[in-house]
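Just so you know, ligand 1 is whichever comes first in the structure, and atom 1 is the first atom listed for that ligand. All figures in this text were calculated on a predicted structure; none of them were measured in a lab.
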Amino acid sequence: MCGIVGYTGSKPAKDALINGLSMLEYRGYDSAGIAVLDGLGGMDVFRAVGLVDELKQLVAGENLTGVTGIGHTRWATHGKPSRINAHPHRDCSGKIAVVHNGIIENFNELRSELIARGHHFASETDTEVIPHLLEEAYQGDLKQAMLAILPRLQGAYGLACVHVDHPDEIVAVRKESPLVVGCSADCAMVASDTPAILDVTRDVVYPEDDTVVVLHSDGTAQFFDATGAEVHPKTVHLEWDQNAAKKDGYDDYMDKEIHEQPRVVSDTLKGRLKDGRVVIDGLELDEEDIAALDRVVIVACGTSYHAGLVAKYLIEAWARIPCDVEIASEFRYRDPIVSPSTLVIAITQSGETADTLAAVQLARTYGASVFAVTNRLGSRVTRECDGVIYARAGLEISVAATKSFLAQITALTLLAEYLAQVRHRFNRSQVRMFYHSMLELPQQIQQILDHPEPVRRAADLIGDATSALFIGRGIGYVVCMEGALKLKEISYVHAEAFAAGEIKHGPIALVTEQTPVVAVAVHSPTREKTVSNILELKARGARVIGIATEGDEEVERICDATIFIPRIRSTLSAITASVPLQMLARLVAIDRGCNVDKPRNLAKSVTVE
Ligand code: G6P
């Protein structure tokens, strides 16, 4: 969703802003803009509908030497995508400019008040109330003006503002929207997400809600709480390497991220077995409390929800604790059955998904213990939960989640083993056995990546079909759900997953000779049943792509194309079987000329409801 960036330093701000905005493109947006202070009491504002590249062209010939500025990528909520609605927005005097990510819920009321007091509004956005409020509150100190207006703002915001009279300063603040601050020897930057400032530093601060940040062009930043008292939040060092935000020779980020998966799975496993016991740092509950839990509820959205479904199979099978998985946007508006003996697990790659965070807050009101599984250090979910289990996928830029999904399932598999061990369902040798099987996964994923030819044949079978079905059983069904989501989100082919046993209850009516069906029939207790379902589909002319375990000649014989994965315990098979489906979705998308990294209408971080 919207992204903000601010730069103040010794070099022209324009380049850092455009570069920062292009690093935030993955969040999803429809227009972009920047404001640069000229240092002489003026400000240049440029806004464009469409890609950051259009904005880049717009400013290319401009002699913008100012060293302080703010920028924005907008994902329209209030008012259509247009140049007028694009940020930055200014006050009546044109001296103050603001960029904002989030929603000001009481903007209507504020807007009417401000109009009644003579302010002129240029856009339809909720954001525009902020510069006008600042204009009224400003008495020579921008930080004080910000502190003064905060109590008036209801909703979520990550925002940054500048004033022409302070050409060496940016003031920023957040509430329920992400914000990161980084300083170097010659500049200070603020942004909605770390990729925008990675070129400057990897030592960053994630300010708390309502912390007002003042960035200075000498490369320093000060932090103030809502009362105006200075605070000193801790700096976090990011381990990401310099190429984390670069394509590194791959055609697209998705391809790069798919190929990083062997390393990601190995990183997520690293150091999490000691003396035959799974250890998960960051779980703040003691083992007695964990043993006393009587239920697990998982809340998540999108791909993270699918990771939760995999976890359900493992937690119930291994730890024998009943586990429900809920879409966070549904859970938050229900009256769910949650109690202090429920463990709630929130899965969120970004740690900032609005619905998942709201579900966490609701769960806490019932006194439940809440763990987060996230990929992002310092993200909001890490502050709202009792414990955090990090999926160590590193920075994921492509909107479609790939490596973060594998990291999540790996972390959740460890959590399921941990719960089984604490509840004495697994002894040390069983824990060791599973962990050692997991250590084979990186090599197995690599083997799949090294043999893309069968995936190419499968993509050709999908060809120009308008719809595809995915079938599987057990964990294979979840693999199908994620595979279908990948295909629809990046190639725009309508794709649905069905439990293979359900196809006779309706979906088989969809099957014609044109229908591609992806069948996950890897080695598992239900493989034979899925094979029977494949035969039923073949009898009706479907083109079937099988995902099978190496050496399974029967599946190879009955399917039109087969992608083999190495043999692994069926409980771990989601980690390998998901990989060819990611590769398949990408190839189909490329064949159709789609932008795989930036699918239409989608945002990577859904920070508003
Ligand atoms: C968006 C992204 C998905 C992601 C989902 C949940 O829809 O496009 O890739 O799975 O949000 O995001 P989260 O950060 O909570 O895992």
Atoms of ligand 1, numbered as shown, that sit under 4.0 Å from any heavy atom of Thr303:
10 (O)
Looking at Gln349, which atoms of ligand 1 are within less than 4.0 Å of one of its heavy atoms?
13 (P), 14 (O), 15 (O), 16 (O)
Applying ring-ring contact (aromatic ring centres under 6.0 Å, His included), name anything that partners Tyr418, two or more places apart in sequence or on another chain.
none
Counting from 1, what ligand 1 atoms have a heavy atom of Val399 closer than 4.0 Å?
8 (O), 9 (O)
With heavy atoms only and a cut-off of under 4.0 Å, state how Val606 meets ligand 1: side chain, backbone, both or neither.
side chain
Numbered atoms of ligand 1 (with element) below 4.0 Å of Ser304, judged on heavy atoms
10 (O), 13 (P), 16 (O)
Identify, for atom 13 (P) of ligand 1, the protein heavy atom at the shortest distance, and state residue, atom and that distance.
Thr353 OG1, 3.2 Å
Using ring-ring contact (aromatic ring centres under 6.0 Å, His included) as the criterion, list what pairs up with His72, not counting sequence neighbours.
His87
Salt-bridge contact Arg376-Glu352 (side-chain N to carboxylate O under 4.0 Å)
no
Counting only N and O atoms by type, is there a donor-acceptor contact under 3.5 Å from the side chain of Lys56 to the main-chain atoms of Ile18?
no
For ligand 1, indicate whether the residue Lys604 contacts it via side chain, backbone, both or neither (heavy-atom separation under 4.0 Å).
backbone
Tell me, which protein residue and heavy-atom name are nearest atom 6 (C) of ligand 1, and how many Å apart are they?
Cys301 O, 3.4 Å
Begin from the C-alpha positions of Glu326 and Arg334 and carry the test salt bridge (Lys or Arg N to Asp or Glu O under 4.0 Å) through to its verdict.
CA-CA 11 Å; Glu326 295 227 24; Arg334 291 202 306 110; 2.2 Å; yes
With Arg174 as the cation and Tyr157 as the aromatic partner, state whether NZ or CZ is under 6.0 Å from the six-membered ring centre and within 45° of the axis.
no
My understanding is that we take every heavy atom of each candidate and find the minimum distance to atom 8 (O) of ligand 1. Doing that for Gly302, Ser379, Ala603, which one comes out nearest?
Ala603
Test the Arg272-Tyr435 pair against the cation-pi criterion, namely NZ or CZ under 6.0 angstrom from the six-membered ring centroid and within 45° of the ring axis.
no
Shortest protein contact, atom 14 (O) of ligand 1 (heavy atom only):
Ser350 OG, 2.6 Å
